[in-house]
2 protein chains.
Amino acid sequence: MAVDRERILRAAAALLTRKATATTDEVAKAAGISRATLHRQFAGRDALIRALEALGLQQLESALDAARLDEDSASEAVRRLIAEVEPVAGFLAFLVTENQLFETDAMNEGWTRIDDRISALFRRGQESGEFRIDLSPAWLTEALYGLVGSGAWAVQDGRVAAKDFQFMIVELLLGGVRRSVGK
Amino acid sequence: MAVDRERILRAAAALLTRKATATTDEVAKAAGISRATLHRQFAGRDALIRALEALGLQQLESALDAARLDEDSASEAVRRLIAEVEPVAGFLAFLVTENQLFETDAMNEGWTRIDDRISALFRRGQESGEFRIDLSPAWLTEALYGLVGSGAWAVQDGRVAAKDFQFMIVELLLGGVRRSVGK
DNA sequence: CCCGGATGAGACAAAAATGTCTCATCCGGG
DNA sequence: CCCGGATGAGACATTTTTGTCTCATCCGGG
């Protein structure tokens with residue numbers, strides 16, 4: 001029976017996000033498998049990290065696809081984006097905090113592509129007049145990563161209810177981005 | 001001549017934030033000193049991390065003091081908070097991402113105290129009617145950490161101009177928090 | 001100029017983590 | 001029931017990192 005690699009990677013991401021120096025032994029324990037099996041699935045620590053990056057990027061891209069960022073109003077698209085990203089928040093938090101570890105070209109390219117798509121969404125919102133224009137798309141993209149990461153961490157840590165994850169992020173982000181009457 | 005311990009710690013925080021697995025050799029190089037000297041200042045990797053935590057917490061507390069969180073409107077206090085926190089943003093980013101490494105009581109207590117003070121600020125804003133009440137103070141505190149971390153990272157990475165750091169964070173955070181007319 | 005404290009470079013051993021392998025056991029399908 | 005693939009436990013060697021020490025050098029003050 002093939003081991004569920006994705007489940008292992010999820011556990012690894014969760015652990016490594018809050019303790020990046022965890023040993024392969026600890027990762028294996030966190031995933032509920034032995035070090036031997038972990039090593040059979042991923043040939044070494046590097047390979048594990050790479051797989052983590054690859055799966056994270058892939059899932060993020062899928063989330064962007066599913067969110068249909070260029071349909072409806074930009075605000076609605078942002079809502080969909082957060083909703084789609086929620087299940088992948090653990091991976092995103094890992095990618096954001098650890099992405100300097102291995103600067104492979106493939107990694108960098110995938111990350112740039114995602115950045116661009118999200119930036120484009122914010123730019124669309126600005127051009128349509130929905131969003132204020134004094135905050136750069138690049139910053140808003142970065143801020144979104146930060147908020148999603150914080151949200152994932154707060155939920156995992158029990159400081160915030162999981163069901164509020166989406167609401168809190170969307171409200172804070174959109175409320176800040178949206179051009180409002182009061183200054 | 002005594003080595004500038006704080007300068008070393010700043011360099012260490014900057015490096016460890018984006019590469020938590022860096023060896024003491026790499027940390028020393030990043031700080032521009034030899035491993036021997038690094039070890040003379042901080043007896044081992046653990047001691048270095050502890051010092052990093054201690055100094056970070058202390059500087060954060062100082063920033064909170066300087067920001068006079070309970071004066072003026074809550075919005076103004078938030079502005080001052082971000083302004084005071086900016087020079088310490090590197091430490092904050094490190095603390096937020098790596099704080100699960102060593103769960104010493106002292107560490108946890110210091111962190112809790114800071115959480116409480118910032119939460120209290122947001123609560124004050126809600127009770128005075130300045131801030132919307134459907135986002136919990138705990139979440140807003142967490143979000144502030146995330147935004148400051150993202151901001152510090154974006155600046156360090158050149159994606160955002162250093163002079164915009166404060167403006168962008170304050171605007172996004174306050175704009176989102178502030179009770180606005182347009183829903 | 002000379003001295004003393006501090007540093008950098010590097011050797012070295014100890015400790016920790018990793019990669020590799022063996023073997024007993026488990027578990028599901030035939 | 002029996003078999004084969006997969007797993008867990010653990011031994012072992014290798015590599016990496018850390019901690020410790022020595023020594024030459026630098027540099028500023030007296």
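When the side-chain nitrogen and oxygen atoms of B:Thr23 are compared with OP1 and OP2 of D:dT17, none of them lie within a distance under 4.0 Å. At C:dA17, none of the side-chain N or O atoms of A:Thr24 fall inside 4.0 Å of OP1 or OP2 (strictly under the cut-off). Listed pair B:Thr37 / C:dG8 meets the phosphate criterion, a side-chain N or O lying under 4.0 Å from OP1 or OP2.
Remark: P of D:dT18 and CG of B:Leu48 are 10 Å apart, rounded to the nearest angstrom. In this structure, B:Lys29 places its NZ atom 10 Å from P of C:dG10, rounding to the nearest Å. Remark: P of C:dA17 and CG of A:Asp46 are 16 Å apart, rounded to the nearest angstrom. Nucleotide D:dA9 holds its C1' atom 14 Å from the CD1 atom of A:Ile33, rounded to whole Å. C:dG8 atom C1' lies 12 Å from atom CG of B:Asp25, rounded to whole Å. Between the CZ atom of A:Arg45 and the C1' atom of D:dT16 there is a distance of 12 Å, given to the nearest Å. The CD atom of B:Gln41 sits 16 Å away from the P atom of C:dG5 (whole-angstrom rounding).
Shown here are the side chain to side chain donor-acceptor pair (under 3.5 Å) partners of B:Gln156, two or more places apart in sequence or in another chain: there are none.
Pair check for C:dC1 finds D:dG30; Watson-Crick or G-U wobble, both atom distances under 3.5 Å. Pairing for D:dC12 goes to C:dG19, judged as Watson-Crick or G-U wobble with the two contacts each under 3.5 Å. Pairing for C:dA13 goes to D:dT18, judged as Watson-Crick or G-U wobble with the two contacts each under 3.5 Å.
Ranking C:dG8, C:dT20, D:dG8 by closeness to the A:His39 side chain, first place goes to C:dT20. Of the listed nucleotides (C:dT22, D:dG19, D:dT22), D:dT22 has the atom at the smallest distance from the side chain of B:Arg40.
Side chain of A:Asp4 to main chain of A:Glu6: a donor-acceptor pair is present (N/O by atom type, distance under 3.5 Å, no hydrogens or angles).
Between the side chains of B:Thr21 and A:Thr21, not a single donor N or O lies within less than 3.5 Å of an accepting N or O.
For the pair B:Arg80 and B:Glu71, the salt-bridge criterion is not met [side-chain N within less than 4.0 Å of a carboxylate O]. Using a 4.0 Å cut-off between a side-chain N of Lys or Arg and a carboxylate O of Asp or Glu, A:Glu130 and A:Arg124 do not qualify as a salt bridge.
Judged by atom type and distance alone, B:Arg35 does not reach the base of C:dG10 through any side-chain donor-acceptor pair under 3.5 Å.
Each of A:Ala36 and B:Leu38 was assigned the nucleotide of DNA chain C with the nearest heavy atom; the assignment lying further toward the 5' end belongs to B:Leu38.
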